[in-house]
Protein chains: 2
Amino acid sequence: MAKENFFTISELASMFDISSRTIRYYEEIGMLTSESRESLTMQRSYTNRERRRLKMILRGKKLGFSLQEIREMIDLYESNPEGEAEKSRIIEFADSKLKEIEEQIMQLQMLREDILTYKEKYENTRVKA
Amino acid sequence: MAKENFFTISELASMFDISSRTIRYYEEIGMLTSESRESLTMQRSYTNRERRRLKMILRGKKLGFSLQEIREMIDLYESNPEGEAEKSRIIEFADSKLKEIEEQIMQLQMLREDILTYKEKYENTRVKA
DNA sequence: AACTAAGCTAACGTTAACGTCAACTAGGAG
DNA sequence: CTCCTAGTTGACGTTAACGTTAGCTTAGTT
């Protein structure tokens, strides 16, 4: 019943308004994997799975994280902890990321307040001439 | 009555745990200005004014903005609009930045939720062996 | 058959944001 | 006076994240 959703590289690229080169680069550094290539044409093809992964990557970028940091967060999503040690290591990592994110949210809210303040200052300012 | 607060470059650097080179670089690209140099020794000196500016710059960086974007936002704080046209241009810029920031906050909150979800998933997972 | 569009690999180019290093100077400590 | 520390100006080096170009293949069109 699964819809046969396969995308070419340029289709996937235009979905997110990025270049094909960017997608190949993400694969190059192991952040994205293409389905097993058609062994004849060597063309990459993507499914919704990769589309979601790419979406996560781009969200991370918009938030100011490096590709390396994003990779670690995605690994978090996909990791399957073997043993209690790894499990708690993962949970610790998640907690530290959560703290970081909450701090970032706070800072953004402060920045927002600052800009609002200055904006209002201008709005109430009589302009010369 | 103003306290005589003058900092050397390395003092200012260590306040924020950055290098002197970074501060010189910010001056190089015109994001930071040092007080009129001692014309003899050519040494830079900074006041609380520059300290605040630097703090804003570093906050912007932590939030993922480029130095160029940060410069524009700081210009916003310091601009003194000449004429109605510029005034409304500035207000429009502020509004667009505010939208961007609010969007970013939303995305961060979603990311936070995602990580929380995955974290709980792991916490409730029995680990093999 | 000839052409065009889309994809591929390999490799070099580019920009932002500094790091690093060399060669110099000014100000104290001993 | 000598040495050490901290500062200065170039200028070249570095890394992440792609952009760009060349040379090749395959698939579909006229």
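To find a chain, count down the sequence lines: A is the first, B the second, and so on, and within it residues start at 1. Computed from heavy atoms alone, side chains included, the values below leave out hydrogens, waters and symmetry copies.
A donor and an acceptor atom, one from each side chain of A:Tyr46 and A:Thr8, are nowhere located under 3.5 Å apart. Side-chain polar atoms of A:Tyr25 and A:Ser19 form no donor-acceptor pair below 3.5 angstrom. When only modelled atom types and interatomic distance are considered, A:Glu27 and A:Ser34 share a side-chain donor-acceptor pair under 3.5 Å.
Exactly one of B:Arg71, B:Glu72, B:Gln104 qualifies for a side chain to side chain contact (heavy atoms under 4.5 Å, CB included) with B:Phe65. That residue is B:Gln104. Of the candidates B:Asp75, B:Asn80, B:Leu76, B:Leu76 is the only one forming a side chain to side chain contact (heavy atoms under 4.5 Å, CB included) with B:Ile90.
Following rounding to the nearest Å, B:Phe16 (CZ) and C:dC18 (P) show an atom-to-atom distance of 14 Å. Atom CD1 of A:Ile18 and atom C1' of D:dG19 are 14 Å apart (whole Å). Summarising the geometry, the separation between OH on A:Tyr25 and C1' on C:dT14 is reported as 13 Å, rounded to the nearest angstrom. The interatomic distance linking A:Phe7 (CZ) with C:dG7 (P) rounds to 14 Å, in whole Å. Rounded to a whole Å, the CD atom of B:Glu28 is 10 Å from the C1' atom of C:dC18.
A sub-4.0 Å separation between OP1 or OP2 of C:dC18 and a side-chain N or O of B:Tyr26 is present.
Contacts with DNA chain C (heavy atom under 4.0 Å) in residues 50-77 of chain B: B:Lys61, B:Ser66, B:Leu67, listed by number.
Ion pairing between a basic and an acidic side chain is recognised when a charged N comes within 4.0 Å of a carboxylate O; A:Glu123 and A:Lys119 show such pairing. The pair A:Arg24-A:Glu28 fails the salt-bridge criterion, with no side-chain N (NZ, NE, NH1 or NH2) lying under 4.0 Å from an Asp/Glu carboxylate O. Ion pair B:Glu100/B:Lys97 flagged as a salt bridge, since at least one NZ, NE, NH1 or NH2 atom sits closer than 4.0 Å to an Asp/Glu carboxylate oxygen.
Of all heavy-atom pairs between B:Ile9 and B:Ile23, the closest is O-CD1, 3.7 Å.
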Query raised in the report: In the 5'-to-3' direction, what one-character label does each nucleotide of nucleotides 6-11 of chain D receive under the scheme B = base within less than 4.0 Å of a protein heavy atom, S = sugar-phosphate only, - = no such atom?
Result: -SBB--
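We find the CE-CE distance between B:Met31 and B:Met56 to be 9.0 Å, quoted to the nearest 0.5 Å.
At least one donor-acceptor pair under 3.5 Å links the side chain of A:Glu50 to the backbone N or O of A:Thr47.
Each end of the helix from C:dA1-D:dT30 to C:dG30-D:dC1 gets its own axis, taken as the rotation carrying the C1' atoms of four end pairs onto the next four within a five-pair window, and the two axes meet at 10° to the nearest 10 degrees.
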